[in-house]
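Because the structure is predicted, anything quoted here is derived from the model rather than measured. Chain letters run A, B, ... following the sequence lines, proteins first and then strands; every chain starts at 1.
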Amino acid sequence: MSEPTFATLVSRWYSETARDLPWRHPGVSPWAILVSEVMLQQTPVVRVVPAWQAWLERWPTPAALAEDTPAEAIRMWGRLGYPRRAVRLRECAVAIVERHAGVVPDRLDQLLALPGVGTYTARAVATFAYGQRHPVVDTNVRRVVCRAIAGEPDAGPTTRPADLVATEELLPVEPADAALASAAIMELGAVLCVARSPRCDRCPVASICAWRTSGQAAPTGPSRRPQRYAGTDRQVRGLLLGVLRETTGPVDRQRLDQVWADDVQRARALAGLVTDGLVEPVGTASFRLAGDGGPPAPAVV
DNA sequence: ATCCGGTGTC
DNA sequence: GACACCGGAT
């Protein structure tokens with residue numbers, strides 16, 4: 001009789017203590033899981049929950065979202081941040097309708113080909129929506145595996161192929177068990193094995209954690225530079241988008257000019273919004289959220 | 001004032 | 001591989 005494995009210990013802990021998140025409920029559709037994963041890409045759980053519920057109430061299927069305008073997707077996105085994700089999610093819905101008859105695909109290569117879906121999200125959907133056996137490595141999983149298995153601090157800002165391999169080796173053979181283990185490892189990284197103040201006293205694998213055994217080394221590499229928000233193009237984009245979001249249809253350039261004094265930076269931010277497909281010019285002196293007021297795009301000058 | 005994070009682009 | 005991208009929590 002052997003010791004319980006890493007996956008067994010973490011999965012048992014997860015089954016007993018997991019947060020009750022709505023996208024983890026039985027019967028949640030693959031589309032709803034995909035929406036949750038895209039929202040969770042850059043936004044904390046507590047802020048995603050209400051937005052996810054409202055989004056799926058309005059657009060329960062990819063086809064429903066595909067038929068609506070980018071402008072409405074941007075408005076429904078609310079203040080989740082990184083609103084390009086809203087436009088990509090709608091483009092993703094269009095692609096699902098066009099390529100897959102409105103059904104979220106279950107193959108990794110097909111998922112990866114969708115707008116806004118990268119290596120993490122493709123594996124998360126294949127695993128959590130379709131019960132397949134894949135390593136699902138986000139920043140939390142990477143940190144947990146680096147610590148507990150390699151005994152090292154987190155390897156850095158990107159997921160390496162080696163991280164995928166190391167995680168795969170932890171997964172049970174049965175796909176359903178592997179999916180549960182992946183959810184459990186993510187939960188562990190989000191709740192206990194956090195970056196700064198890990199709660200090892202409550203950790204289900206504290207007894208077999210290589211990082212704990214070896215003295216909990218801190219990361220050695222260059223710490224990532226702090227990113228500011230105030231005064232950046234990001235802030236200006238947010239201000240411009242705020243005006244457009246609360247207005248139906250075109251907004252005069254003059255009104256947009258009032259949100260930020262620096263002409264050069266304001267113009268750069270507005271151009272960026274257009275490039276990103278969030279905003280489009282209407283005539284020569286006004287702008288609107290993409291597709292706002294109907295699909296017919298403005299005449300290209 | 002600092003922290004957090006996938007994807008796409010260059 | 002560096003960088004841009006958002007906003008709220010702490």
Side-chain angles (χ1 to χ4, degrees), chain A residues 33-52 73-92 95 108 111-128 134-144 146 154-161 163-164 167 182 186-187 189-199 218-219 221-245 259-260 265 268-279 289:
Chain A
I33 289 173
L34 172 55
V35 171
S36 79
E37 292 298 344
V38 172
M39 288 182 171
L40 290 163
Q41 279 170 5
Q42 304 287 281
T43 307
V45 164
V46 291
R47 291 168 54 202
V48 166
V49 170
W52 179 82
I74 294 163
R75 290 199 177 92
M76 282 296 286
W77 196 252
R79 309 180 69 79
L80 290 179
Y82 297 100
R84 285 188 299 191
R85 288 183 291 162
V87 174
R88 288 211 195 103
L89 186 52
R90 183 185 163 280
E91 290 171 355
C92 180
L108 223 45
L111 286 163
L112 274 170
L114 297 171
V117 176
T119 60
Y120 164 75
T121 305
R123 290 163 178 280
V125 171
T127 298
F128 302 133
H134 301 288
V136 182
V137 183
D138 69 350
T139 187
N140 286 322
V141 171
R142 197 180 62 238
R143 183 175 57 252
V144 169
C146 282
D154 190 1
T158 61
T159 295
R160 309 156 303 180
D163 299 321
L164 245 52
T167 303
S182 283
M186 292 181 67
E187 183 83 351
V191 174
L192 295 183
C193 197
V194 295
R196 294 231 280 164
S197 302
R199 303 292 308 270
S223 61
R224 87 155 154 194
R225 61 189 175 85
Q227 62 278 61
R228 56 251 146 251
Y229 179 65
T232 63
D233 286 7
R234 283 159 51 199
Q235 183 185 16
V236 184
R237 285 168 60 107
L239 292 169
L240 291 168
L241 210 56
V243 173
L244 290 156
R245 190 160 36 201
V259 308
W260 196 254
Q265 187 176 24
R268 187 172 62 228
L270 186 55
L273 289 170
V274 172
T275 299
D276 290 344
L278 291 155
V279 172
L289 289 185

With a non-hydrogen cut-off below 4.0 angstrom, is [X] in contact with a base, only sugar-phosphate, or nothing?
| X | answer |
| --- | --- |
| A:Arg85 | nothing |
| A:Thr121 | sugar-phosphate |
| A:Val38 | nothing |

Are the side chain of [X] and the backbone N or O of [Y] linked by a donor-acceptor pair below 3.5 Å?
| X | Y | answer |
| --- | --- | --- |
| A:Gln41 | A:Gly116 | yes |
| A:Arg245 | A:Arg75 | no |
| A:Glu37 | A:Ile33 | no |

Roughly, in whole Å, what's the span from [atom1] in [X] to [atom2] in [N]?
| X | N | atom1 | atom2 | result |
| --- | --- | --- | --- | --- |
| A:Asp276 | B:dG8 | CG | P | 12 Å |
| A:Leu273 | C:dA4 | CG | P | 16 Å |
| A:Glu91 | B:dG8 | CD | P | 10 Å |
| A:Leu240 | C:dC5 | CG | C1' | 15 Å |
| A:Asp233 | C:dC3 | CG | P | 15 Å |
| A:Arg228 | B:dT2 | CZ | P | 11 Å |
| A:Gln265 | C:dA4 | CD | P | 13 Å |
| A:Gln42 | C:dG8 | CD | P | 15 Å |

Pair A:Ser182-A:Arg123, side-chain donor/acceptor within less than 3.5 Å: no
Would A:Val87 and A:Asp276 satisfy side chain to side chain contact (heavy atoms under 4.5 Å, CB included), going step by step from the backbone distance to the final call? CA-CA 9 Å; A:Val87 174; A:Asp276 290 344; over 6 Å; no
Nearest nucleotide by nearest heavy atom, which residue falls closer to the 5' end of DNA chain B, A:Leu80 or A:Leu114? A:Leu80
Given DNA chain B, 5'-ward residue of the pair A:Tyr82 and A:Pro115, judged by closest heavy atom: A:Tyr82
Should [X] be listed as having a side-chain N or O under 4.0 Å from OP1 or OP2 of [N]?
| X | N | result |
| --- | --- | --- |
| A:Tyr229 | C:dG7 | yes |
| A:Arg79 | C:dG8 | yes |
| A:Thr119 | B:dG6 | no |
| A:Asn140 | B:dG5 | yes |

If you define the side chain from C-beta out and look only at heavy atoms, does anything of A:Val38 sit under 4.5 Å from A:Cys92? no
A:Asp233: salt bridge (Lys or Arg N to Asp or Glu O under 4.0 Å) partners, not counting sequence neighbours: A:Arg268
Given A:Ile74 and A:Leu278, is the side chain to side chain contact (heavy atoms under 4.5 Å, CB included) satisfied, shown in steps? CA-CA 8 Å; A:Ile74 294 163; A:Leu278 291 155; 3.6 Å; yes
Between B:dC4, B:dG6, B:dG5, which nucleotide has the shortest distance from any of its atoms to the side chain of A:Gln41? B:dG6
From C:dC5, B:dC4, B:dT7, nucleotide with atom closest to A:Tyr120 side chain: B:dT7
What residues in residues 43-51 of chain A put a non-hydrogen atom under 4.0 Å from any atom of DNA chain B? none
